[in-house]
Amino acid sequence: MAEELSSNYQPNEVEAAWYQRWLDAGCFHADEHSDREAYSIVIPPPNVTGILHLGHVLNNTIQDILARRARMEGKEVLWLPGTDHAGIATQSKVEQKLRKEDKLTRHDLGREKFLEQVWEWKEKHGGIIINQLKRLGCSCDWERERFTMDPEYSKWISKIFVDLFNEGLLYRGKRMVNWCPKSLTALSDEEVIMKPQKSKLYTMRYRIAGEKDRWVEIATTRPETLMGDTGVAVHPDDKRYKDLVGKTVIRPFPEAEIPVVASDHIDPEFGTGVLKVTPAHDKADFDIGVKNGLEIIDVFTPDGKVNGHGGPDLEGLDRFEARRKAAEKLEEMGQLVKEEDYENNVGFSERADVPIEPRISMQWFLKYPCKDEAAEAVAGGDIQFRPERWKKTFAHWMENIQDWCVSRQLWWGHQIPVWYKKDKSEELQNRESLDAESAGADLHVGVDPPEDAENWERDPDVLDTWFSSWLWPFATMSDCDADEKSDTLKKFYPTTDLVTGPDILFFWVARMIMAGYRWEGQLPFKNVFFTSIIRDKQGRKLSKSLGNSPDPLHVMDSLGADAMRFSVMRAAPLGNDVRFIVDKDKDGNESYPQVEEGRNFATKIWNAVRFRQMQGEADAQPGKPAIYAIDILKKLDSLEKNVANAYEDYRFNEIASLLYEFWWNQYCDWFLEAAKQDFAEDADPAAKAATLASMDRVLRRFVILLHPFMPHLTEELWEKCALREEDGAEFLMLTRLPSDSVLDGIESDKIGGAVKAVSDIYEAVGRARNLKAEYNLAANRNVKFILDPEDTDFSEGPVFCRLAGAKELELQPGFEAESGVPVALTPIGKIYMPLEGLIDKDAEKNRLTKEMEKAEAELKKVNAKLSNENFVSRAPEEVVQENKDRQSEWKAKVEELQQMIDNLG
RNA sequence: GCGUGAUUAGCUCAGCGGUAGAGCACCACCUUGACAUGGUGGGGGUCACUGGUUCAAACCCAGUAUCACGCACCA
């Protein structure tokens with residue numbers, strides 16, 4: 001075997017070096033002309049100026065595992081990476097910088113200059129997250145990296161806009177939208193999060209016009225919108241107020257008579273049963289307003305301050321200051337009845353984290369295409385969701401789907417491909433609605449600007465970022481104006497798997513499915529794997545503001561990328577959230593106990609391989625494999641099968657645990673220790689050669705299995721141990737999974753016997769170790785055991801002694817020990833531990849009695865089962881047999897123990 | 001209000017009809033020639049609760065409680 005290994009594994013250098021070698025050799029590149037079966041994934045594009053967090057780690061590790069496993073299965077793998085321009089997030093970062101450094105707004109710079117600055121920012125920060133993904137070991141085809149603002153990609157956006165407009169699905173209309181007063185743009189419903197807020201419920205009273213001193217009480221949480229009230233509503237069946245419908249009440253300020261209307265929407269039980277109607281600032285109020293022909297008065301400026309309608313007292317005040325002020329005014333007027341603490345849900349802007357202001361505005365809306373196909377694809381199982389329960393959530397959303405507000409009042413993004421004739425522009429843009437049918441020749445909607453561009457004015461708004469991401473699976477693979485499909489698209493679309501978080505099921509997954517059907521005529525992916533959400537020790541989501549989000553780069557630098565990958569996978573069960581634990585010492589240094597487990601595993605593997613290296617090469621023809629070797633090969637065979645099964649169901653945590661358990665608890669704890677017997681100086685060279693060969697076989701196949709989880713470490717060992725076969729691929733990552741059984745070449749009738757014999761010996765070793773520990777002899781390697789064997793041919797004494805830490809195991813059939821000699825019952829026979837000065841009858845009696853009690857308890861349980869006639873007659877035969885075997889085993893044990901106790905007198 | 005999960009050892013979590021498991025933490029012993037990022041032995045659980053189905057339930061069903069999350073919302 002090849003090079004010596006250093007005494008400790010240093011992940012950082014190894015990881016960096018291997019990543020570069022893979023890149024240099026083009027290992028990640030997908031060949032669209034290959035005749036291998038295609039396997040493809042598109043990355044959920046991260047924000048171009050974002051940085052890596054644990055969610056990305058989880059998500060991309062899974063994708064990398066899938067991609068690497070598929071390569072090893074012999075598939076042609078495309079993992080297509082890229083980034084997203086993230087309209088609001090990126091624009092606001094640049095605006096923030098402008099404000100801070102130059103005290104300027106984007107309007108001071110103008111659109112063109114501002115966009116130059118955003119591009120600069122993107123150039124500066126855009127590579128960061130990509131490099132972080134590389135640090136993690138992601139095997140993406142970087143030659144195919146895409147960005148949603150790439151020219152070819154952008155062209156796709158315009159094309160689909162035009163398609164949808166021509167189809168009548170895209171229209172411009174004056175509607176109530178979710179307005180973000182901080183980002184100054186409309187948002188889609190999905191970008192609004194409801195949060196419970198501690199606020200106040202104000203009860204105020206309005207005088208009824210034309211009646212003497214009659215008042216009506218109204219409850220509201222938003223007195224600051226009072227100036228926009230153009231009506232008051234009650235339930236039509238509410239007896240208290242029935243006579244008021246049709247009358248008017250006096251709005252306190254600015255004073256005006258506003259009508260009382262009836263509406264089913266009103267809950268008579270809530271508050272006073274009377275609602276103030278502000279059609280410009282509430283969706284429900286807007287509907288009531290439209291039905292009753294109420295005036296719409298917008299009382300806020302776009303940034304959430306009171307406009308001229310507020311009068312001198314309120315104008316210019318922020319929404320929340322205005323709320324207090326309005327309440328004060330009512331109080332002064334004697335019209336505030338009471339003010340109570342109240343908790344209600346308020347919509348917040350997901351990005352800017354400020355309360356949304358419902359607002360009437362002119363926006364572009366989309367009626368979704370291919371809704372039925374998308375719903376059916378998931379319901380019918382053409383697209384598989386894992387875990388499956390998300391199907392229901394998806395179906396529910398699809399059933400209640402609302403038109404999508406796609407325009408954003410931003411500059412960073414894809415500008416809407418609509419031009420208005422200059423002289424008609426104002427009129428067109430103010431129309432209540434505008435669509436393909438009503439627009440006429442004064443509107444140009446096209447991928448290219450009109451020929452006489454100077455006569456036209458382009459719509460200033462840009463499109464929602466998700467309006468570009470929903471094309472990701474195909475727009476990254478082809479140009480929209482090509483005459484025929486690209487070879488990449490032909491080979492790799494539809495993609496195989498999509499790995500993403502359930503939090504973007506609506507934002508992204510659902511919309512991609514619709515887009516896939518609309519423009520490619522088929523589904524965009526076959527399987528969607530929804531990852532866990534990573535939380536902190538207290539179960540909270542990770543977030544910057546909580547400061548509970550550890551930096552994955554720091555984790556990787558201290559413990560290694562492979563360690564983090566392995567640990568995160570081991571901790572993340574299918575479909576459940578995962579807690580990532582960060583402990584801090586008193587100096588504030590962070591430690592990551594879960595990742596340490598992965599680091600320890602890497603070290604364990606490294607050192608076990610190092611041990612193999614230290615044995616050197618065989619210098620004889622190998623003899624027949626020892627029973628220990630057969631046993632470990634059998635376990636490896638099961639491991640390979642179990643791992644393959646777990647991959648079928650995407651149970652990554654199970655795969656990680658299987659690999660861990662095999663290596664640590666089977667290979668290292670038992671096989672490797674047993675094998676040492678064959679490496680002793682006086683060992684038989686043929687036996688040594690055979691054991692070395694088995695070790696190499698296990699090592700080679702284990703490293704192949706582990707590679708997708710710990711790619712760098714395994715590739716390093718592959719090279720250092722020269723595990724590559726003569727005609728094999730250049731790298732482990734390009735090596736095929738073996739197709740032959742690891743048990744090939746071993747006489748199959750030997751396997752069962754070897755496994756049983758080894759399991760008996762290991763169990764006996766356990767008993768012997770326990771005996772030593774009970775008598776405080778754990779450290780004593782001079783102990784001599786005497787075996788009264790089950791089988792007089794027993795010849796595994798040397799291995800037994802090595803494992804049990806004993807000097808000798810003497811075979812004495814029918815051995816009669818001096819009374820009080822410690823003894824253990826084992827599958828290979830009775831094992832005595834006669835040692836001078838150790839005859840302590842009471843101690844031994846105690847020990848045996850404790851064991852006896854355990855055995856009796858077990859016997860009792862199994863007796864109870866077997867004496868139940870129903871069990872014997874109705875349970876499957878093999879279960880009954882199993883219990884009968886257990887019964888006789890425990891019975892024999894109890895009897896023997898009893899006799900041993902009796903012998904002690 | 002509707003829906004979806006979770007509740008198993010001190011902690012983080014597997015197991016999902018047939019003998020309760022892992023890692024960490026804990027206790028004792030061990031620097032023995034791969035590994036102290038290690039080894040050996042050990043302690044620790046009425047599997048949230050109440051019913052039901054079954055020969056058999058941590059596991060299936062129904063309900064309850066608590067905690068999350070999603071959707072819809074009462075101004």
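Given the structure is predicted, the values throughout are model-derived calculations rather than measurements. Here is how names work: the chains are called A, B, and so on, in the same order as the sequence lines, proteins then strands, and each is numbered from 1.
- At the phosphate of B:rA34, neither OP1 nor OP2 sits under 4.0 Å from any side-chain N or O atom of A:Arg610.
- Separation of the P atoms belonging to B:rC49 and B:rU8 is 10 Å when rounded to the nearest angstrom.
- With respect to the salt-bridge test (charged N to carboxylate O, under 4.0 angstrom), the residues A:Lys720 and A:Glu716 qualify.
- When each of A:Val274 and A:Glu681 is assigned the nucleotide of RNA chain B bearing its nearest heavy atom, the one mapping closer to the 5' terminus is A:Glu681.
- Contacts of A:Pro876 with the nucleic acid, taken as non-hydrogen atoms under 4.0 Å apart, include base atoms.
- One atom, CG of A:Asp649, and another, P of B:rG15, lie 12 Å apart when rounded to the nearest Å.
- Under the Watson-Crick or G-U wobble criterion, with both distances below 3.5 Å, B:rG33 is left unpaired in every strand shown.
- Of the side-chain N and O atoms in A:Lys861, one or more sit less than 4.0 angstrom from OP1 or OP2 of B:rA20.
- Side-chain atoms of A:Glu661 and base atoms of B:rA14 include no donor and acceptor less than 3.5 Å apart.
- Separating the CD atom of A:Glu596 from the C1' atom of B:rA25 is a distance of 13 Å, rounded to the nearest angstrom.
- For A:Lys676, a side-chain nitrogen or oxygen approaches OP1 or OP2 of B:rA34 to under 4.0 Å.
- To the nearest angstrom, C1' of B:rG10 lies 14 Å from CG of A:Asp583.
- Not less than 6.0 angstrom separates the ring centroid of A:Trp390 from the ring centroid of A:Phe394.
- For the OP1/OP2 pair of B:rU37 and a distance below 4.0 Å, the side-chain nitrogens and oxygens of A:Arg599 include no atom meeting the criterion.
- Side-chain nitrogen and oxygen atoms of A:Asn600 include none within less than 4.0 Å of the OP1 or OP2 phosphate oxygen of B:rC35.
- For B:rC69, the paired nucleotide is B:rG3, the pair qualifying as Watson-Crick or G-U wobble because both relevant distances are below 3.5 Å.
- One finds the CG atom of A:Asn770 at 12.0 Å from the OG1 atom of A:Thr826 (value rounded to the nearest 0.5 Å).
- At a threshold of 4.0 angstrom between heavy atoms, the contacts of A:Tyr342 are confined to the sugar-phosphate backbone, with no base atom among them.
- Pairing of B:rA57, defined by two Watson-Crick or G-U wobble distances under 3.5 Å, is not identified with any nucleotide.
- Taking the six-membered ring for Trp and the full ring otherwise, A:Phe566 and A:Phe601 have centroids separated by under 6.0 Å.
- One side chain, A:Ser199 or A:Asn344, offers a donor N or O that lies under 3.5 Å from an acceptor on the other.
- Remark: B:rA48 base-pairs with B:rU64. Criterion, Watson-Crick or G-U wobble with two distances under 3.5 Å.
- The CD1-P distance, from A:Ile533 to B:rU4, rounds to 18 Å in whole Å.
- Backbone-only engagement by A:Asn344 is indicated by non-hydrogen atom pairs under 4.0 Å involving sugar-phosphate atoms exclusively.
- A 3.5 Å limit on both hydrogen-bonding distances identifies no Watson-Crick or G-U partner for B:rC74.
- In this structure, A:Gln615 places its CD atom 12 Å from P of B:rC35, rounding to the nearest Å.
- One can place CG of A:Asp682 at 18 Å from P of B:rG33, the figure rounded to the nearest angstrom.
- Between A:Lys391 and A:Glu388 there is a salt bridge, with a side-chain nitrogen of the basic residue lying less than 4.0 Å from a carboxylate oxygen of the acidic one.
- Between A:Phe529 and A:Phe652, the gap from one ring centroid to the other is short of 6.0 Å.
- Here the nucleotide nearest the side chain of A:Lys604, chosen from B:rG5, B:rG18, B:rC35, is B:rC35.
- Across the protein-nucleic acid pair, A:His265 atom NE2 and B:rC74 atom P stand 5 Å apart, rounded to whole Å.
- The residue A:Asp267 sits close to a base: some heavy atom pair falls under 4.0 Å.
- Put simply, CZ on A:Phe601 is 18 Å from P on B:rC35, counting in whole angstrom units.
- For A:Ala779, the side-chain atoms get nearest to B:rC29 when compared with the rest of B:rU12, B:rC29, B:rA34.
- Checked by distance alone, A:Arg579 brings no side-chain donor or acceptor within 3.5 Å of a matching partner on the base of B:rU12.
- Checked against B:rA34, B:rU40, B:rC35, the side chain of A:Asp669 finds its nearest nucleotide in B:rU40.
- Under the Watson-Crick or G-U wobble criterion, with both distances below 3.5 Å, B:rC24 is paired with B:rG10.
- Among the protein residues, A:Lys392 comes within range of the sugar-phosphate backbone only, with heavy atoms under 4.0 Å from sugar or phosphate atoms but none that close to a base.
- Of the candidate nucleotides B:rC55, B:rA75, B:rG39, B:rG39 has the atom nearest to the side chain of A:Trp664.
- Nearest-nucleotide assignment on RNA chain B puts the 5′-proximal partner with A:Ala778, out of A:Ala778 and A:Leu201.
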